[in-house]
Amino acid sequence: MELSKNYTPALVEEKWTRLWQEKKYFKSVPDSRKPFTVTIPPPNVTGVLHMGHTLNETVQDILVRRARMSGFNACWVPGSDHASIATEAKVVDMLKKKGIDKNNLTREEFLKYAFEWKEKYGGIIYSQIEKLGCSVDWDRVTFTMDDHYYKAVIKVFVELYNNGLIYRGARMINWDPSAKTALSDEEVEYKEVTGKLYYVKYKVAGGQQTDEYIIIATQRPETIMGDTAVCVNPADDRYAHLKGMKVIVPLVNREVPVIFDEYVDQAFGTGALKITPAHDINDYNIGLKYNLPIIDTLNEDGTLSHAAEVFIGLDRFEARKKAVEKLKAEGLLVKEEDYQTRMGFSQRTNAVVEPRISTQWFLKMKELAKPALDAVLNGGIKIHPEERFLNTYKYWLENVKDWCISRQLWWGQRIPAWYDANGNVYVAETEEAAGVQLQASSSSGLQLVQDEDVLDTWFSSWLWPMEVFNGITDPDHKDFNYYYPTSVLVTGQDIIFFWVSRMIMAGFQFKHQKPFSDVYFTGMVRDKLGRKMSKSLGNSPDLLELIDKYGADAVRFGIMISSPAGNDLLFDEASLEQGRNFNNKLWNVLKLIKLWEQRKTNEYKDVEEYDFATEWFQSKLNYTRNEINVLINQFSLSEALKKIYSLIWDDFCSWYIEWVKPLSEDRPHSIKFDKTIYFFEELLQLLHPFMPFITEEIYHLLKERPIDDDLTIKQYPSQLNYNSNILNEGELLKRAITTIREFRSKNQLGNKNQIELTIHPHNENYEAYEKFRYILPNQVNSTWALNVAINNQASKIIVSKDTFFIKTEQVLNKDNQKQDLLKDLEYQKGFLQSVMKKLGNERFVQNAKPEVIALEQKKKADAEAKIKVLEESLANL
RNA sequence: GGGUCGUUAGCUCAGUUGGUUCAGAGCGCUGCUUUGACAGAGCAGAGGUCACUGGUUCGAGCCCAGUACGACCCACCA
């Protein structure tokens with residue numbers, strides 16, 4: 001079979017995706033093996049994968065594939081989140097473009113459109129997960145609005161309500177005027193913005209002496225109409241005389257009292273604060289304290305309401321402009337100044353959030369928080385990287401506030417609460433059950449009307465690791481008992497509060513068990529300049545385009561190689577190029593082996609009983625595998641990949657293959673040939689979790705295999721023995737070869753010029769240099785000999801403590817050699833001095849550990865030996 | 001305002017319990033190399049007072065304190 005010049009990923013990836021699925025390798029059912037369970041952080045059902053997802057899914061796939069190849073029953077559950085606000089906003093937009101106003105639709109009609117939308121676009125995310133090579137169990141795909149999942153959400157709502165943890169009440173909440181719904185505190189993102197501080201005159205009311213006024217600083221003149229008091233600090237002399245007096249609110253000319261409260265900071269602004277209980281959380285609290293009226297001057301869409309009396313129907317920001325104009329016209333605006341402030345934005349719609357008083361459902365969090373905190377503090381759940389997130393997690397849970405869980409939307413789980421005409425509420429899983437409650441009450445016979453609101457998306461996704469295995473709706477389900485608690489959660493650090501902490505709470509609340517054992521937080525993916533990826537900057541690459549251009553393996557490689565554990569990742573397409581080049585390197589190894597195979601005839605020699613190169617690489621391979629195990633166990637996946645990359649590129653390709661490479665007139669012998677194939681297979685297996693497609697493809701192109709001999713299920717070996725002596729010898733020989741090459745390079749000796757090499761090794765290195773006979777001929781175009789006499793015409797170089805004599809046909813400039821030797825000598829002497837100093841220090845000898853002293857003594861001996869060799873060489877030059 | 005993390009080669013980062021044959025990797029850069037796997041490559045090389053200032057120690061990139069910058073999180077100051 002003819003192999004193409006370069007590796008072409010597209011067809012290969014498609015083929016293996018299909019074959020793996022046909023063979024059901026990623027399907028998992030409970031069995032006698034230990035489970036390794038991962039539930040995907042469900043992306044928004046109508047979304048597309050961005051680079052953050054790509055990183056997350058790749059990390060999960062690496063862990064899952066590795067577990068699968070290490071004897072675990074690996075189960076990775078895919079799925080998606082209904083994402084109530086985000087999806088509803090998209091559907092509303094889509095309808096608007098069609099000329100349909102959501103307000104003219106019934107709930108049922110709207111949901112019909114929403115489900116159509118979900119059917120149409122919900123699959124995109126799944127096909128992207130598949131393209132990336134994720135080894136998920138597609139038979140387990142779960143959507144947070146699936147029937148059973150919906151029921152689970154309703155069930156826990158009722159349970160929490162019956163336990164007194166859910167209540168309904170009027171509170172000041174965060175309102176998204178764009179989506180027209182309440183938000184939780186976590187859904188508000190604060191950003192620094194430059195605003196203006198307006199200084200406005202409030203005239204003091206009473207009698208004829210109306211010249212007097214108080215100046216008040218405000219950022220929000222459009223809320224002036226909602227003012228119901230002005231507040232100053234009781235200790236503030238400037239305003240002490242105003243006790244019991246009233247001021248006139250501008251624009252609406254309402255008289256409101258001056259009140260005194262220590263909350264007010266005398267030093268800020270003018271020391272006088274307008275109180276607008278309906279539109280500011282602090283004012284609201286002060287209003288409660290002084291029993292002030294509440295005038296809500298905003299509609300749910302952020303326009304001014306009738307209660308505002310002026311600017312009715314104008315958007316709040318438009319109203320602000322008008323208010324400023326009018327105040328100016330009336331001579332009430334004293335000045336305006338720039339002001340740095342923080343404003344809250346809705347995470348989903350990016351609308352400026354309004355504090356608003358409204359009746360919502362809340363979940364009490366204090367009780368839920370405790371076990372969730374304990375589990376992490378006592379190590380039952382481990383967070384990686386721990387140092388960075390443990391404190392954040394702890395602080396949030398210790399200061400957690402009640403969670404506003406109702407949303408004024410239609411897309412989501414509808415709150416299972418029914419009201420009768422008297423305003424009594426009945427919470428039950430079904431309308432029938434609520435009806436039973438009604439009949440048993442004094443309101444018997446009245447009509448029931450269900451609450452219009454749905455639940456916060458996170459109130460469904462916090463059940464994810466349980467309900468994907470039916471753990472809530474069917475508590476004794478065999479899958480749940482087998483797979484739960486899951487093994488590891490991989491997610492972005494931005495949803496530690498939204499999701500991670502709440503899943504832990506839910507796990508303990510409903511199952512008295514943690515949902516996962518480890519949490520691995522990936523960093524945020526930024527562009528190569530360190531900026532966040534965003535649509536407006538246009539720096540967010542399209543995943544499918546990247547896969548088309550470089551192949552999925554290269555994308556996975558690129559994103560992993562530049563992804564230090566827990567740190568933000570600066571995404572640069574250059575790293576994907578590196579991944580593609582790595583593909584090509586692997587491909588070329590395959591081509592080389594095929595070339596050898598063609599030449600493999602019965603002329604092959606089978607006589608060689610020992611070969612250094614194969615012995616060395618076997619040890620190197622196992623040694624590195626041990627290192628990689630350690631790295632992966634501590635979630636240093638990027639480091640692990642670097643190790644594998646270097647093992648393949650440097651140790652295998654640049655050293656091992658060159659060492660076993662047949663000379664042009666020679667033939668490779670079978671043992672070396674078979675070993676090489678075996679090593680290559682082992683390397684492919686090691687790399688497979690990171691780059692599944694090309695490794696599987698090459699694995700099969702290497703030789704004919706039985707039907708189920710696929711890399712993706714091949715089990716890793718458990719014995720990883722290595723021989724340190726051989727490894728050390730390998731390092732010495734590598735260094736020797738490099739030094740000879742350097743000599744050639746410095747003396748401008750082309751590879752065609754043969755040299756005569758004679759080595760006079762230090763005793764302890766003699767055996768190592770004997771191994772040269774297995775590998776040297778392929779390396780440096782030279783004859784060589786050990787310990788034979790040599791005349792002084794040869795050039796000398798020093799490797800370790802060993803002298804290399806090199807004879808060439810050309811006459812070489814010995815000054816350069818002399819310079820090098822002198823430089824080396826100088827360094828060694830300095831080094832020896834520092835070692836001597838240390839060993840001469842009594843306190844060092846007394847305090848240091850014996851092995852440290854022994855090491856220093858060895859350093860001393862080595863340095864002395866080397867100096868001796870150097871001096872002899874110089875003397876002879 | 002409170003807190004967390006970071007500052008090591010031009011860039012992005014490793015450096016495990018403190019021991020100068022550990023100051024490293026990848027990318028980038030420089031030079032050489034194009035008929036036997038691979039120029040999407042090979043070989044070799046140059047580049048760093050480990051942010052700064054003190055301290056602990058026989059010994060500090062690593063521990064402690066402070067300073068300066070940077071990033072992020074949390075918090076109701078108009």
Side-chain angles (χ1 to χ4, degrees), chain A residues 3 5-7 172 190 197 216-220 231 263-265 267-276 280-285 339 341-342 355 385 387-392 395-396 399 493-494 496-497 523-524 528 530 561-570 572 574-575 577-578 580-596 630 634 636 638-639 642-643 645-646 653-654 657-658 661 664 738 741-746 748 750-751 800 827-828 830-831 834-835 837-838 840-849 851-853 855-856 858-859 862-863 866:
Chain A
L3 292 169
K5 181 173 187 298
N6 292 329
Y7 173 65
M172 182 156 267
Y190 290 91
L197 202 54
I216 285 163
T218 179
Q219 289 185 69
R220 306 199 55 191
C231 188
Y263 167 76
V264 178
D265 178 357
F268 190 89
T270 60
L273 175 65
K274 76 189 200 62
I275 304 297
T276 322
D280 183 282
I281 181 68
N282 302 302
D283 294 10
Y284 175 72
N285 290 333
Y339 182 66
T341 188
R342 271 162 48 92
E387 64 276 14
R388 206 163 315 173
F389 298 109
L390 189 59
N391 280 319
T392 309
Y395 185 85
W396 189 77
N399 297 282
Q493 49 199 254
D494 50 328
I496 181 167
F497 307 135
M524 186 187 288
K528 64 177 168 184
I561 203 79
S562 48
S563 173
N567 274 358
D568 283 356
L569 176 159
L570 272 56
D572 187 347
S575 67
E577 254 173 66
Q578 198 186 345
R580 184 197 57 190
N581 294 353
F582 189 34
N583 275 340
N584 209 41
K585 189 75 179 177
L586 295 166
W587 191 249
N588 278 307
V589 174
L590 174 70
K591 275 162 57 180
L592 176 68
I593 288 176
K594 287 288 152 190
L595 212 84
W596 288 353
V630 171
Q634 62 198 30
S636 298
S638 177
E639 292 301 309
K642 283 176 185 168
K643 276 258 187 300
Y645 178 79
S646 169
C653 295
S654 297
I657 286 186
E658 295 303 325
K661 211 179 226 179
S664 49
T738 300
R741 285 176 182 157
E742 192 185 346
F743 174 85
R744 275 185 182 279
S745 179
K746 274 188 179 160
Q748 293 166 324
N751 288 334
S800 185
Y827 173 82
Q828 292 301 332
F831 179 68
S834 77
V835 175
K837 194 174 150 199
K838 204 183 285 185
N841 185 327
E842 254 177 62
R843 283 202 268 181
F844 170 74
V845 180
Q846 278 165 10
N847 296 333
K849 284 177 273 184
E851 58 265 34
V852 173
I853 295 175
L855 189 69
E856 291 301 321
K858 171 133 185 8
K859 284 183 199 168
D862 285 355
K866 180 142 191 190

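Proteins come first, then strands; the chains are lettered A, B, ... in the order of their sequence lines, and each starts at number 1. Only a predicted model underlies this, so the values are computations on that prediction, with no experimental measurement involved.
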Per [X] side chain, nearest of listed nucleotides [options]:
| X | options | result |
| --- | --- | --- |
| A:N841 | B:rC13, B:rC58, B:rA37 | B:rC58 |
| A:N581 | B:rC43, B:rA78, B:rA41 | B:rA41 |
| A:N584 | B:rC38, B:rA78, B:rG19 | B:rC38 |

Check side chain to side chain donor-acceptor pair (under 3.5 Å) between [X] and all other residues, then give those that pass, not counting sequence neighbours.
| X | result |
| --- | --- |
| A:N6 | A:N584 |
| A:T276 | A:D227, A:K274 |
| A:N588 | A:K591 |
| A:E742 | A:K746 |

Interatomic distance at [atom1], [N] relative to [M], whole Å:
| N | M | atom1 | answer |
| --- | --- | --- | --- |
| B:rU8 | B:rU35 | P | 44 Å |
| B:rA75 | B:rG59 | P | 47 Å |
| B:rU57 | B:rC62 | C1' | 13 Å |
| B:rU67 | B:rG24 | C1' | 29 Å |
| B:rA39 | B:rU34 | P | 14 Å |
| B:rA44 | B:rC58 | P | 43 Å |
| B:rG28 | B:rA71 | C1' | 25 Å |
| B:rU17 | B:rG10 | P | 27 Å |

What is the nucleic acid contact for [X], judged by heavy atoms within less than 4.0 Å: base, sugar-phosphate only, or nothing?
| X | answer |
| --- | --- |
| A:C653 | base |
| A:V630 | nothing |
| A:E856 | sugar-phosphate |
| A:N6 | base |
| A:I281 | sugar-phosphate |
| A:T218 | sugar-phosphate |
| A:Y339 | sugar-phosphate |

Sorted by position of nearest nucleotide on RNA chain B, 5' first, the leading residue of A:L197 and A:Y395 is A:Y395

Of A:I216 and A:D862, whose nearest nucleotide on RNA chain B comes first from the 5' end? A:D862

Is the distance from OP1 or OP2 of [N] to the nearest side-chain N or O of [X] less than 4.0 Å?
| X | N | value |
| --- | --- | --- |
| A:T392 | B:rG3 | no |
| A:R580 | B:rG40 | no |
| A:T341 | B:rA78 | yes |
| A:Y263 | B:rA78 | no |
| A:K661 | B:rA37 | yes |

Interatomic distance where [atom1] belongs to [X] and [atom2] belongs to [N] [whole Å]:
| X | N | atom1 | atom2 | answer |
| --- | --- | --- | --- | --- |
| A:N583 | B:rC38 | CG | P | 17 Å |
| A:F389 | B:rG6 | CZ | P | 12 Å |
| A:I657 | B:rA37 | CD1 | P | 10 Å |
| A:E658 | B:rA41 | CD | P | 15 Å |
| A:L569 | B:rA71 | CG | P | 19 Å |
| A:D265 | B:rG1 | CG | P | 13 Å |
| A:R342 | B:rC72 | CZ | C1' | 12 Å |
| A:Y190 | B:rC73 | OH | P | 13 Å |

Which heavy-atom pair separates A:L197 from A:A217 by the least distance, and what is that distance? CG-CB, 4.0 Å

Where is the tightest heavy-atom contact between A:K528 and A:L570, given as atom of each residue plus distance? O-CD2, 3.8 Å

Could you work out, with ring pair (Phe, Tyr, Trp, His ring centres under 6.0 Å) as the rule, every residue matching A:F743, not counting sequence neighbours? none

Counterpart residues, ring pair (Phe, Tyr, Trp, His ring centres under 6.0 Å), relative to A:F844 (two or more places apart): none

If we check side chain to side chain contact (heavy atoms under 4.5 Å, CB included) with A:V264, which of these qualifies: A:N282, A:L273, A:I275? A:L273

Which residues pass the side chain to side chain contact (heavy atoms under 4.5 Å, CB included) test with A:E639, sequence neighbours left out? A:L631, A:S636, A:K642

Determine whether any donor atom in the side chain of A:N391 lies under 3.5 Å from an acceptor atom in the base of B:rG3, or the reverse, and answer yes or no. no

For the side chain of A:K585 and the base of B:rC38, is some donor closer than 3.5 Å to an acceptor across the two? yes

Using a 90° cut-off around 0 for syn, call B:rG47 syn or anti. syn

Any side-chain to backbone donor/acceptor pair from A:D568 onto A:G523? Under 3.5 Å, distance only. no

Could I get a table of every N or O pair under 3.5 Å where one atom is in the protein and the other is in nucleotides 24-31 of chain B?
{"unit_1": "B:rG26", "atom_1": "O2'", "unit_2": "A:Q578", "atom_2": "OE1", "d": "3.3"}
{"unit_1": "B:rG26", "atom_1": "O2'", "unit_2": "A:Q578", "atom_2": "NE2", "d": "3.0"}

Not counting sequence neighbours, which residues clear salt bridge (charged side-chain N to carboxylate O under 4.0 Å, His left out) with A:D572? List them please. none

Salt bridge (charged side-chain N to carboxylate O under 4.0 Å, His left out) involving A:R220 - partner list, sequence neighbours excluded: A:E222, A:E354

Nucleotide-level pairing of RNA chain B, given in dot-bracket where Watson-Crick and G-U pairs need both distances under 3.5 Å and | marks other strands: (((((((..((((.....[....)))).(((((.......))))).....(((((..]....))))))))))))....

More than 12 heavy atoms of other groups within 6.0 Å of A:Q846 CD: yes

Please work out which of the three classes, parallel, tilted or perpendicular, describes the rings of A:W587 and A:Y7, given edges at 30° and 60°. tilted

Which parts of nucleotides 45-50 of chain B does protein reach within less than 4.0 Å, heavy atoms only, written one letter per nucleotide 5' to 3' as B for base, S for sugar-phosphate only and - for none? S-----

